[in-house]
Amino acid sequence: MNDYKYKITVGMPVYGVEPYIKKCMLSILNQTFTDDIEIIAVDDHGPDKSIDIIKELQISHPKGKNITIITQPKNMGCWAARNRVLEEAQGEYIMLVDSDDYISEDCIEKLYAQATEHQAEAVYGSVLPVDLQGNTLDIGQDFLNQPYLVLKGEDSLAKFANKSIHPTLRDFIWNILFRKDFIDKNNIRFKQARFNDDMICSADVVPLVKSAVLIPDYTYYYVIRDNSLSNYQHRK
């Protein structure tokens with residue numbers, strides 16, 4: 001049996017997110033989940049003071065001791081930073097976030113409850129697109145709103161994801177609580193890619209999942225920096 005130091009690891013790449021990182025970090029630090037949450041921030045040598053803000057929270061926040069900053073040897077990109085999280089995580093479960101988004105205060109509590117109740121390898125929360133002021137945006141992505149589903153068995157998640165010519169499962173990699181032993185057993189890693197490494201990884205992961213839960217609760221706020229479609233398509 002694995003001896004995990006934490007129940008949950010939440011990890012993120014950090015690069016050029018100075019205006020957003022404090023809100024993201026506080027949303028993780030202030031969770032209703034009662035056990036300690038490990039937070040891994042991977043410093044990818046950004047041009048601003050994002051890491052300084054995180055260091056200040058390490059000192060000032062009551063749970064700041066749970067923040068670990070890992071510095072890459074050089075700027076390597078989002079895919080490599082996410083891999084560092086997977087490699088260094090000490091939690092029984094792992095969740096990735098983007099450091100310019102944020103999560104609901106009960107995000108971990110809700111995802112963890114489903115994971116343990118159903119012994120799920122992956123639990124998907126629903127996603128709410130918002131603007132910088134927190135106002136809800138309609139970006140024409142209905143599959144961000146999920147039904148409540150418990151999926152068990154070989155290809156059960158893959159069949160749901162591919163049951164229609166229209167998307168039924170989002171292909172981002174954040175806002176999913178994964179069991180770390182599932183990540184390790186399948187040697188899940190992000191492939192080197194300049195764009196869309198999360199979507200590529202999702203395509204690799206979905207067919208491997210044999211037990212999953214989808215919930216309709218909004219546990220993740222996906223921040224759209226402006227209302228232009230081109231900005232939405234290319235910012236992450």
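Tested against Val127, the residues Trp174, Phe172, Tyr218 include a single side chain to side chain contact (heavy atoms under 4.5 Å, CB included) partner, Trp174. The one candidate from Glu109, Glu105, Lys110 that meets the side chain to side chain donor-acceptor pair (under 3.5 Å) condition with Thr32 is Glu109. For the salt bridge (charged side-chain N to carboxylate O under 4.0 Å, His left out) test with Lys191, the passing option among Asp197, Asp204, Asp198 is Asp204; the others fail.
In this structure a side-chain-to-backbone donor-acceptor pair under 3.5 Å is present from Asp131 to Gln133. With hydrogens and angles ignored, the 3.5 Å screen pairs a side-chain donor or acceptor of Asn30 with a backbone N or O of Leu26. Asp101 contributes a side-chain N or O that, together with a main-chain N or O of Val223, makes up a donor-acceptor pair within less than 3.5 Å. A distance-only check finds a donor-acceptor pair linking the side chain of Ser126 to the backbone of Gln146 [under 3.5 Å]. Side-chain atoms of Thr168 come within 3.5 Å of backbone N or O of Phe160 as a donor-acceptor pair. Listed for the Asp48 side chain is a donor-acceptor partner under 3.5 Å among the backbone atoms of Ser50. Although no hydrogens or angles enter the test, the distance criterion places a donor-acceptor pair under 3.5 Å between the side chain of Gln31 and the main chain of Ile108.
Looking at every heavy atom in both residues, Ile53 comes nearest to Glu18 through CD1-O, 3.6 Å. The two atoms that bring Glu121 and Leu208 nearest to each other are OE1-O, 4.1 Å, heavy atoms only. Between Cys78 and Asp44 the shortest heavy-atom distance is N-OD2, 4.4 Å. Closest heavy-atom contact between His45 and Asn75: CD2-N, 3.7 Å. Across every non-hydrogen atom of Ala81 and Pro13, the tightest pair is CB-CB, 3.6 Å. Nearest approach of Asn83 to Phe190, heavy atoms of both residues: OD1-N, 2.6 Å.
The structure places CD1 of Ile37 at 11.5 Å from CD1 of Ile67, a figure rounded to the nearest 0.5 Å. Taking OG1 of Thr219 as the start and CD1 of Ile103 as the end, the distance is 8.0 Å to the nearest 0.5 Å. Here the CE-CD1 distance, from Met199 to Ile173, works out to 11.0 Å after rounding to the nearest 0.5 Å. To the nearest 0.5 angstrom, Met95 atom CE is 3.5 Å from Cys107 atom SG. To the nearest 0.5 Å, atom CD1 of residue Ile54 and atom NZ of residue Lys22 are 12.0 Å apart. For the atom pair CD of Gln114 and CG of Leu214, the computed distance is 10.0 Å after rounding to the nearest 0.5 Å.
In terms of hydrophobic clustering, with Ile, Leu, Val, Met, Phe, Trp and Tyr side chains grouped at heavy-atom distances under 4.5 Å, Tyr93 and Phe33 are assigned to a common cluster. The cluster map of Ile, Leu, Val, Met, Phe, Trp and Tyr, joined by side-chain heavy atoms under 4.5 Å apart, puts Phe178 and Leu149 in the same cluster. In the hydrophobic clustering of ILVMFWY residues, with side-chain heavy atoms under 4.5 Å counting as a link, Ile183 and Tyr4 come out apart.
Side-chain atoms of Asn187 and Arg189, non-hydrogen and from C-beta on, do get closer than 4.5 Å to each other. Between Asp98 and Arg82 there is a side-chain heavy-atom pair separated by less than 4.5 Å. The shortest side-chain heavy-atom distance between Tyr102 and Ile28 does not fall under the 4.5 Å cut-off.
Using a 4.0 Å cut-off between charged side-chain N and carboxylate O, Arg84 and Asp43 make no salt bridge. For the pair Glu92 and Lys180, the salt-bridge criterion is not met [side-chain N within less than 4.0 Å of a carboxylate O]. Salt-bridge annotation for Asp181 and Lys185: absent, with no side-chain N of the basic residue lying under 4.0 Å from a carboxylate O of the acidic one.
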Practice item. Test Val123 against His118 for side-chain contact (heavy atoms from CB on, under 4.5 Å), laying out the working first. Key: CA-CA 10 Å; Val123 182; His118 298 286; over 6 Å; no

Hey, mind stepping through Cys24 and Val97 against side-chain contact (heavy atoms from CB on, under 4.5 Å) and telling me if it holds? CA-CA 9 Å; Cys24 177; Val97 303; 4.1 Å; yes

- [ ] List the steps, then state whether side-chain contact (heavy atoms from CB on, under 4.5 Å) holds for Leu132 with Tyr20.
- [x] CA-CA 9 Å; Leu132 288 172; Tyr20 320 106; 3.5 Å; yes

Test Leu111 against Tyr220 for side-chain contact (heavy atoms from CB on, under 4.5 Å), laying out the working first.
-> CA-CA 11 Å; Leu111 298 182; Tyr220 193 95; over 6 Å; no

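Within 6.0 Å of NZ in Lys5 there are 12 or fewer heavy atoms belonging to other residues, nucleotides or ligands.
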